[in-house]
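Following: one structure in structure tokens, then a few remarks.
When reading the values below, keep in mind they use all heavy atoms of this one structure, side chains included, and skip hydrogens, waters and symmetry mates. Both counts, for ligands and for their atoms, begin at 1 and track the order of listing.
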Amino acid sequence: MISEEDLDSNAPKLNGRKEGTFVFITIKDRWPKIVARLANDFCVKRAELLESYGESADEDIKAVNHGFAELRYRMTTDKPLENIVDNYGNAGVWNTLLINLRDKVGEDQVTWYRADWLFVECYLYRKIFSIVFNSRLLRDYDYFAEQKQSSFKEHVPQIEESASFLMSIVGEGAPAHETFGLVTMLKMCLWGNRADLSLSGGDRAVLAQSSMIASTKRENFILVDDLNTALLNYIYPLHKKEKGTRRIDIVLDNAGVELMGDLILAEYFLSMGFADKVVLHGKEFPYFVSDTTKGDFDWTLEQLKEAGENCAKLQERLAQRLEKGELVWNAHPFWTFPHAYFEMPTECPELYEELKKASFAFFKGDLNYRKLVGDRDWDFETPFVTTLRGFAPCPFLALRTLKAETLAGLSRETAIRVLDFEDNQWLVSGEYAVCQLGGI
Ligand SMILES: O=P(O)(O)OC[C@H]1O[C@](O)(CO)[C@@H](O)[C@@H]1O
């Protein structure tokens, strides 16, 4: 076992100290832009909010905007991270984490640029939530909802195309081991992760190429592809396992077009007899702009009814599955905490035990990947299993498009190939991807 000190010197955690890095630029430009946009949205939607929440919501809007202005000021001037002050359930956990961090690295190091990026970024979204939650009337308001909903609306033709593909391969007599269908869907699920609103600072993120098309055209952009190994060794065998024992978990990422890929995959597994139950793990409050909450999940199912013939069929199937308990929604608070996943067994044993019940799992997106590998500056050839540091509740695939400067598990050949890429953009643009097998 490598000690924490050795790790910190060989593969330091990412932070915003070094100018020019993606982290630095994110803190300097992208986060203030996200917060500014939120403040602007509250002003633009003032009339709408007053109509829905009553005239006294005006006081709340003023307080929220004051909170956002303060937050922007503190982040742009690299002030210390303050405790979370609200009466939402997990405030105590956050404050203990903050106290422990201050004790460990020194109070003056727990600032927006100096503290670990993963910690600070999760803190940012908890802090935004706190500002709105502290209002009297708006505490349940999802301030990112409109942006997430646009991601669905702007991809309706693509979503209908994917639903139609699903319907064509789950019909009577379709062969369960039809590799093309399953691989296409898994890759669709992977490339749906490109449309991410936190990366664009909340600007529109419309996929020029549908995830369906991308699934067949972007082979060269997948830097590690463990898909076939996962299929052969873990997913196909599920078909033969005893009925009632097969469970697949999907640790979700973004709502909108990405969530649709996940739901289509879930329906495929259920209808083709690879799983008796699919558990979806979402977020309990608005997070990283576009992450999926229960509200987004419900809204999406509702929208499917009107999104096209195949979408409507899919909606009916999913609604029935929800009713029968074959499709389950779960939003454990741990998913919004800043921990690396290797800490799950000690920090949140009940969730780890829960994941152990899965026959197979998918971890979607960049943030889940950062948490899997601890958000460190690994040598790219470090085996993926090393970076997981024992996290192995069940076999799983990380399906991620690259949007952060952390990556591991490249073969020597690929590590040499990426040396020729011009700058570090390939690590953060969402153009490249990995499908990495872990937990085995
Ligand atoms: O939606 P995803 O794929 O988890 O990506 C969110 C990503 O946005 C960023 O947070 C940056 O702020 C990424 O770098 C990050 O991990």
Side-chain angles (χ1 to χ4, degrees), residues 13-16 21-38 75 112-113 115-128 144 147-148 151-152 188-205 207 211 214 221 250-262 281-283 286-293 296 335-341 362-378 397-408 424-436:
K13 288 187 192 162
L14 303 183
N15 61 45
T21 59
F22 180 66
V23 180
F24 181 86
I25 294 164
T26 291
I27 305 173
K28 184 172 136 316
D29 300 331
R30 290 174 51 236
W31 291 351
K33 182 175 164 188
I34 287 171
V35 179
R37 181 179 175 142
L38 272 177
M75 78 172 61
W112 288 85
Y113 283 77
D116 301 333
W117 187 40
L118 179 59
F119 187 97
V120 186
E121 198 161 28
C122 295
Y123 171 87
L124 165 65
Y125 288 97
R126 180 62 180 84
K127 187 74 193 164
I128 292 173
F144 291 133
Q147 297 172 59
K148 291 183 273 194
S151 161
F152 181 96
M188 193 167 85
C189 209
L190 165 71
W191 289 115
N193 182 241
R194 272 180 311 165
D196 169 28
L197 293 165
S198 76
L199 194 62
S200 64
D203 289 342
R204 294 169 74 229
L207 294 178
S211 309
F221 291 83
I250 307 180
V251 184
L252 299 172
D253 187 11
N254 300 307
V257 69
E258 179 168 3
L259 173 65
M260 280 314 305
D262 303 333
H281 297 271
K283 304 299 188 305
Y287 192 63
F288 277 70
V289 185
S290 39
D291 280 24
T292 310
T293 61
D296 302 321
W335 300 119
T336 61
F337 290 154
H339 300 104
Y341 289 157
F362 293 91
F363 284 83
K364 294 293 313 292
D366 194 73
L367 180 63
N368 273 318
Y369 189 89
R370 286 171 56 194
K371 290 180 173 183
L372 284 167
V373 304
D375 213 30
R376 289 178 179 273
D377 184 11
W378 295 103
L397 266 179
L399 298 179
R400 169 224 191 186
T401 64
L402 276 56
K403 302 172 199 162
E405 290 168 327
T406 181
L407 176 63
N424 268 4
Q425 267 309 101
W426 65 275
L427 268 171
V428 299
S429 63
E431 286 298 307
Y432 287 85
V434 290
C435 307
Q436 285 174 291

Purely on distance, is any nitrogen or oxygen of [X] under 3.5 Å from one on ligand 1?
| X | result |
| --- | --- |
| Asn368 | no |
| Thr26 | no |
| Asp291 | no |
| Leu367 | yes |

With heavy-atom distances below 4.0 Å as the criterion, list the atoms of ligand 1 near [X].
| X | value |
| --- | --- |
| Phe288 | 10 (O) |
| Asn193 | 3 (O) |
| Gly365 | 3 (O) |
| Phe22 | 14 (O) |
| Glu121 | 9 (C), 10 (O), 11 (C), 12 (O) |

What part of [X], side chain from CB on, backbone N/CA/C/O, both or neither, has a heavy atom under 4.0 Å from ligand 1?
| X | answer |
| --- | --- |
| Arg370 | side chain |
| Asn254 | side chain |
| Asp253 | side chain |

Taking [X] for the side chain and [Y] for the main chain, is one N or O donor matched with an acceptor at less than 3.5 Å?
| X | Y | answer |
| --- | --- | --- |
| Thr292 | Asn254 | yes |
| Glu405 | Phe22 | yes |
| Lys28 | Gly16 | no |
| Glu431 | Gln425 | no |

Check: For the residue pair Phe363 and Tyr369, is the inter-centroid distance of their aromatic rings smaller than 6.0 Å?
Finding: no
Notebook entry, point to check: Is there a side chain to side chain contact (heavy atoms under 4.5 Å, CB included) between Trp335 and Tyr341 once you walk through the steps?
Noted result: CA-CA 9 Å; Trp335 300 119; Tyr341 289 157; 3.3 Å; yes
Next item on the list: Look at ligand 1 and say whether Tyr369 reaches it with a heavy atom at a distance under 4.0 Å.
Entry: no
Notebook entry, point to check: Can you tell me if Trp117 has a non-hydrogen atom under 4.0 Å from ligand 1?
Noted result: yes
Check: Does the pair Leu367 and Leu118 meet the rule for a side chain to side chain contact (heavy atoms under 4.5 Å, CB included), with working shown?
Finding: CA-CA 9 Å; Leu367 180 63; Leu118 179 59; 3.8 Å; yes
Margin query: My understanding is that only one of Lys371, Arg126, Lys403, Arg370 makes a salt bridge (Lys or Arg N to Asp or Glu O under 4.0 Å) with Glu121; could you say which?
Written below: Arg370
Notebook entry, point to check: So which of Asp291, Thr401, Asp262, Asn193 actually passes side-chain hydrogen bond (donor to acceptor under 3.5 Å, both in side chains) with Lys364?
Noted result: Asp262
Next item on the list: Go through the structure and list residues passing side-chain contact (heavy atoms from CB on, under 4.5 Å) with Lys13, not counting sequence neighbours.
Entry: Glu4, Asp116, Arg376
Next item on the list: Using heavy-atom distances, let me know which of Arg30, Glu258, Lys403 sits nearest atom 11 (C) of ligand 1.
Entry: Arg30
